[in-house]
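Working notes, beginning with the structure itself.
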Amino acid sequence: MTVVHRLTEDMINRIAAGEVVERPASVVKELVENAIDAGAKRVEIVTAGGGAALIRVTDDGGGMTREDLALAIDRHCTSKLTDDLLDIRTLGFRGEALASIGAIARLSIASRHASEPHGWEIVVEGGLVHPPRPAGLNSGTRVEVTDLFFSTPARLKFLKGERAEATAVTDIVKRLAMAHPEVRFSLAGSDRSAIDYPVAHGDEPFVERLGQILGQDFVDNSLAIAAEREGIRLSGYAGLPTFNRGNGLHQFLFVNGRPVRDKLLMGALRAGYADVMSRDRHPVAALRIDLEPHGVDVNVHPAKSDVRFRDPGLVRGLIVGALRNAIHQAGHRSATTGGDATLAAFRTGAPAANGWRPAAPAAVAPTSFAAWRSSPEPAYVTAAATGFAEPVQPAFASVDVPSADARANTPAEINQSDRPLGAARAQLHENYIIAQTSHGLVIVDQHAAHERLVYERMKTALARSGIARQILLIPDVIDLPEDDVGRLLKRADEFAELGLVIEGFGPGAVAVRETPALLGELDTRALLVNLADDLAEWDDTTRLKEKLDHVAATMACHGSVRSGRRLRPEEMDALLREMEATPGSGQCNHGRPTYVELKLSDIERLFGRR
Ligand code: ADP
Ligand code: MG
């Protein structure tokens with residue numbers, strides 16, 4: 001006697017439905033995704049009873065023929081996937097949403113394809129399919145789902161109240177609408193107040209849609225984020241650190257137009273703000289990541305809201321770096337312009353992106369021009385003549401050393417200029433070292449360079465005798481949430497190998513006893529918070545040594561030399577010399593350059609001298 005038997009198609013569909021359709025909002029998500037995939041420019045959603053009683057989604061997309069309609073409700077029937085699961089360019093691809101919904105609810109689909117004389121309608125009730133019949137419909141598709149979960153009462157019991165379900169529907173509609181500003185969305189019903197997001201027509205549809213959904217307030221209080229690395233593009237808006245919220249519900253993340261709730265991305269978002277926001281507050285952000293479909297696997301879960309990146313470290317670094325950068329510059333927001341844009345603007349002679357134009361000689365008041373001409377010391381250019389609002393300051397104004405000019409002719413200086421990274425002449429914005437080389441100038445990103453150097457030093461030290469530690473006279477006791485404490489202590493041995501000695505200090509605290517000597521003074525609290533965040537993302541089997549670049553970067557980030565610290569000229573020169581001596585120091589641990597070089601010929605070109 002055999003007890004093993006094949007499940008009926010209906011039962012298989014009901015089981016699959018359990019994963020695809022968790023609650024009414026999942027149905028709305030699947031139906032709206034289908035409308036977007038069908039090329040709709042307008043999507044209308046109506047719900048009742050939080051979506052459990054009724055969900056109706058109407059679109060003006062391409063529609064389906066009678067034959068396609070009959071097939072579409074079968075499991076594993078799709079028009080979107082052929083033979084490459086890693087080349088997915090649509091929101092749907094699994095061909096199981098309609099079949100799943102039909103198995104657990106009353107589903108009716110009316111659709112008209114341009115090649116049909118009229119529309120067709122098909123009805124499925126708890127898996128039972130009625131044959132297609134003609135329907136009065138001019139174009140597009142209308143899907144109606146009623147009595148959700150009537151055939152799976154267990155699931156029905158798990159639904160929250162009407163209000164909570166209605167809110168979850170609103171949330172998913174907002175997310176999809178945000179990802180597709182070129183589509184008009186409306187959401188209405190007896191269980192809610194109506195919303196309508198008209199098509200964003202302006203130059204920046206995304207920001208317009210953000211304004212519609214999150215309010216102008218968010219737009220006014222956010223920083224534009226744009227970065228790209230190895231073909232992965234990050235764009236969007238991130239709230240100023242001061243514009244934070246009490247929960248993470250205001251974080252909108254998209255991968256290739258798909259709203260996702262991805263742990264890696266949310267962790268990266270948190271890490272980007274780690275230095276500027278306490279752990280119980282949450283940033284507001286709407287960020288899009290666009291990359292080649294091959295760089296990301298979206299087939300992780302039937303609900304398609306988790307993704308796996310081929311190079312997670314790269315994506316994380318891109319997000320964390322871009323956020324930190326934007327936040328770091330936020331203080332000077334009105335004064336900053338994108339480097340590329342400015343260079344391009346100079347090249348073409350157009351005004352710089354901030355509207356500033358180099359003052360033409362004719363525009364200079366004759367008196368100051370004459371005064372300048374007759375001045376015996378032409379080295380000082382007045383603020384008025386340069387057009388800068390701020391007076392021009394010597395670079396080392398606040399540092400107690402001879403001025404750059406006075407140092408210029410010392411023998412040591414001449415030698416340094418011959419070195420590949422030249423002689424340090426100035427530090428700007430507490431992070432960029434400007435050095436003069438024999439053929440031009442070099443700009444070093446001090447923060448990135450330091451991270452790289454620490455990484456290399458740690459690697460070398462590990463390979464030799466281990467990393468030297470320094471004992472703290474008084475241990476730093478850091479209060480942390482209990483799960484973070486647990487995570488950190490579980491790795492205490494591994495941290496000790498890397499020079500960081502920690503031990504438990506009651507249930508909600510960690511004592512830091514020793515730190516890696518090569519880092520100098522550390523902000524131990526910020527370091528532990530970041531490390532705990534990192535650990536939360538890595539699974540328990542990941543060895544810290546495998547993540548050495550990351551751990552080293554995190555440590556370096558909280559060590560004494562970092563962006564935001566003013567360096568003395570000797571310190572800058574020492575950093576440049578160490579970079580020259582360190583292999584691979586031309587790029588930071590995330591693959592960004594640690595310095596850029598401008599040859600004299602480039603500079604001459606900028607000024608039209610060539
Ligand atoms: P998937 O979206 O993964 O292909 P679905 O079960 O959601 O699977 O849909 C099955 C098929 O039905 C789709 O591939 C598509 O061809 C068709 N379809 C579903 N909804 C629509 C719609 N609103 N407009 C046009 N075609 C649709
Ligand atoms: Mg679908």
Side-chain angles (χ1 to χ4, degrees), residues 9-10 12-22 25-46 55-105 107-116 119-124 127 129 132 135 137-145 148 172-173 175-176 179-180 183-186 256-259 293 297-305:
E9 186 72 10
D10 180 40
I12 294 173
N13 281 338
R14 269 198 251 172
I15 291 170
E19 289 181 296
V20 181
V21 184
E22 191 194 336
S26 345
V27 174
V28 172
K29 171 176 174 290
E30 294 297 334
L31 299 184
V32 173
E33 284 185 355
N34 280 346
I36 294 170
D37 282 346
K41 287 286 157 245
R42 172 149 199 192
V43 180
E44 223 177 82
I45 304 134
V46 174
I55 293 168
R56 185 166 57 230
V57 176
T58 312
D59 71 60
D60 62 354
M64 284 172 273
T65 61
R66 179 184 195 272
E67 266 171 288
D68 278 346
L69 186 56
L71 262 182
I73 47 136
D74 275 355
R75 203 154 68 98
H76 306 317
C77 288
T78 177
S79 55
K80 299 167 195 175
L81 182 67
T82 44
D83 61 352
D84 189 354
L85 248 186
L86 286 175
D87 190 25
I88 287 164
R89 291 164 196 271
T90 46
L91 295 169
F93 58 90
R94 299 172 59 103
E96 59 182 2
L98 294 181
S100 299
I101 296 166
I104 52 165
L107 167 71
S108 104
I109 310 173
S111 191
R112 167 143 186 234
H113 190 266
S115 65
E116 295 275 6
W120 291 95
E121 179 171 10
I122 200 164
V123 174
V124 190
V129 182
L137 189 84
N138 285 330
S139 65
T141 301
R142 182 183 63 232
V143 184
E144 210 169 272
V145 177
L148 187 63
I172 193 65
V173 171
R175 284 172 197 272
L176 285 160
H180 298 276
V183 179
R184 174 172 185 169
F185 287 85
S186 64
N256 288 347
R258 179 190 304 283
D297 183 3
V298 289
N299 186 29
V300 178
H301 184 271
K304 300 169 290 182
S305 51

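Here the structure is a predicted model, which is why all the values come from computation and not from measurement. The first residue of the sequence shown is numbered 1, and numbering continues consecutively from there. Read the numbers this way: they start at 1 and go in the same order the structure lists the ligands and their atoms.
Here's the thing with Phe93: one of its N/O atoms is less than 3.5 angstrom from an N/O atom of ligand 1. The shortest N or O to N or O distance between Ala99 and ligand 1 is not under 3.5 Å. For ligand 1, one of its N or O atoms has an N or O atom of Lys80 under 3.5 Å away. For a threshold of 3.5 Å applied to N or O pairs, the pair formed by Met64 and ligand 1 contains no separation below that value. Residue contacts with ligand 1: Asp37 is placed with no nitrogen or oxygen under 3.5 Å of a nitrogen or oxygen of the ligand (distance criterion only).
Taking 4.0 Å as the cut-off, Gly95 counts as a neighbour of ligand 1 on heavy-atom distance. Cys77 counts as a contact of ligand 1, since one of its heavy atoms falls under 4.0 Å from the ligand. For Glu30, the closest heavy-atom approach to ligand 1 does not fall below 4.0 Å.
In this structure, Glu121 contributes its side chain and Ser108 its backbone to no donor-acceptor pair below 3.5 Å. When atom types are taken as modelled, the side chain of Arg184 and the backbone of Glu44 share no donor-acceptor pair closer than 3.5 angstrom. Between the side chain of Arg142 and the backbone N or O of Ala110, no donor-acceptor pair lies under 3.5 Å. In this structure, Thr90 contributes its side chain and Asp37 its backbone to no donor-acceptor pair below 3.5 Å.
Counting heavy atoms closer than 4.0 Å to ligand 1, residue Thr78 contributes atoms from both its backbone and its side chain. Neither the backbone nor the side chain of Ser111 has a heavy atom within less than 4.0 Å of ligand 1. At a heavy-atom distance under 4.0 Å, only backbone atoms of Glu96 (N, CA, C or O) approach ligand 1. For Asp59, every heavy-atom contact with ligand 1 shorter than 4.0 Å involves the side chain, none the backbone.
Counting protein heavy atoms only, atom 12 (O) of ligand 1 is closest to Ala72 CB, 3.2 Å. Of the protein's non-hydrogen atoms, the one nearest atom 19 (C) of ligand 1 is Asn34 ND2, 3.5 Å. Regarding atom 6 (O) of ligand 1, its nearest protein heavy-atom neighbour is Leu98 N, 2.9 Å.
Residue Gly92 approaches ligand 1 through these ligand atoms, each under 4.0 Å from one of its heavy atoms: 2 (O), 3 (O). Atoms of ligand 1 found under 4.0 Å from any heavy atom of Arg94, numbered from 1 in the order shown, are 3 (O). Of all atoms in ligand 1, listed by their number and element, those nearer than 4.0 Å to a heavy atom of Ala38 are 24 (N), 25 (C).
For the pair Pro259 and Leu176, the minimum side-chain heavy-atom distance is below 4.5 Å. Put simply, the side chain of His113 does not reach to within 4.5 Å of the side chain of Asp68, judged on heavy atoms. Looking at Ser186 and Arg42, their side chains come closer than 4.5 Å, going by heavy atoms from C-beta outward.
Note: Glu144 CD to Arg56 CZ = 5.0 Å, rounded to the nearest 0.5 Å.
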**Request:** Applying side chain to side chain contact (heavy atoms under 4.5 Å, CB included), run through Val27 and Val20 and close with a yes or a no.
**Result:** CA-CA 8 Å; Val27 174; Val20 181; over 6 Å; no

**Derivation and outcome, side chain to side chain contact (heavy atoms under 4.5 Å, CB included), residues Lys80 and Asn34** = CA-CA 10 Å; Lys80 299 167 195 175; Asn34 280 346; 3.1 Å; yes

**Asked** Could you go step by step and tell me if His180 and Leu91 meet the side chain to side chain contact (heavy atoms under 4.5 Å, CB included) rule?
**Response** CA-CA 12 Å; His180 298 276; Leu91 295 169; 4.0 Å; yes

**Prompt:** How far apart are the C-alpha atoms of Asn299 and Arg94, what are their side-chain angles, what is the distance that settles it, and do they pass the side-chain hydrogen bond (donor to acceptor under 3.5 Å, both in side chains) test?
**Reply:** CA-CA 8 Å; Asn299 186 29; Arg94 299 172 59 103; 2.6 Å; yes

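For atom 14 (O) of ligand 1, the nearest non-hydrogen atom from the set Gly102, Gly39, Ser79 belongs to Ser79.
Not one N/O/S atom of Thr78, from backbone or side chain, sits under 2.8 Å from the Mg ion (ligand 2).
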